[in-house]
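Note that the numbering runs from 1 along the sequence shown for the chain.
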Amino acid sequence: MMARSATDVFAETMTPEMIAASDLRARELLDEYDTLQKLRKALDLTQEHIGRKMGKKQVSVAQLEKRSDFLLSTLRDYVEALGGELELVVKFKDHAPVRLAGVGEKGVLDIPRRPAAEPDGAPPSRPA
């Protein structure tokens, strides 16, 4: 069975008005719950539940919720385990917000890097 996005499921099971109301409530929750732990509890989810969805142990989720600095991919995994979708928006004064796509997504780090030059500035040597 192929994985389906939450957007597809919502479109099939909810009216546009229901989706808009759900989006509004999600924004309210995010404004009201300023930590991952508060947000998880507001959704009535346990650390064990989140851990299972993330493929981690409960203790790892507890540690994550106490941190203020972590990888965006980890935050994305956590938010998806909550049933949400992470968007990264950059705001500038006198400029429209910019949504960054691809930041923290799986597979981005799988892109092969160009080998670094040798210390003498010569191109990297190739194995024989």
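Annotation for Pro97 and Val89: closest pair CB-CG1, 3.6 Å, computed over non-hydrogen atoms.
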Residues 52-62 side chain polar contacts: donor-acceptor under 3.5 Å, at least two apart:
{"from": "Gln58", "atom 1": "NE2", "to": "Gln47", "atom 2": "OE1", "distance (Å)": "2.5"}

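Once rounded to the nearest 0.5 Å, the distance linking CG of Leu43 with CD1 of Ile50 reads 8.0 Å.
The side chain to side chain donor-acceptor pair (under 3.5 Å) contacts involving residues 84-96 comprise nothing, where partners must be two or more places apart or lie in separate chains. Judged as a salt bridge (Lys or Arg N to Asp or Glu O under 4.0 Å), the pairs with a partner in residues 9-18 (not counting sequence neighbours) are, in order, Arg4-Glu12.
Under the side chain to side chain contact (heavy atoms under 4.5 Å, CB included) criterion, Leu75 pairs with Leu36, Phe70, Val79, Leu86, not counting sequence neighbours. By the side chain to side chain donor-acceptor pair (under 3.5 Å) test, Asp8 is found to be paired with Ser5, residues two or more places apart in sequence or in another chain being considered. Under the side chain to side chain contact (heavy atoms under 4.5 Å, CB included) criterion, Met14 pairs with Phe10, Met18, Ile19, Ser22, not counting sequence neighbours.
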request  = Give the C-alpha distance, both sets of side-chain angles, the deciding distance and a yes or no for side chain to side chain contact (heavy atoms under 4.5 Å, CB included) between Leu82 and Arg40.
outcome  = CA-CA 7 Å; Leu82 292 174; Arg40 175 185 52 76; 3.9 Å; yes

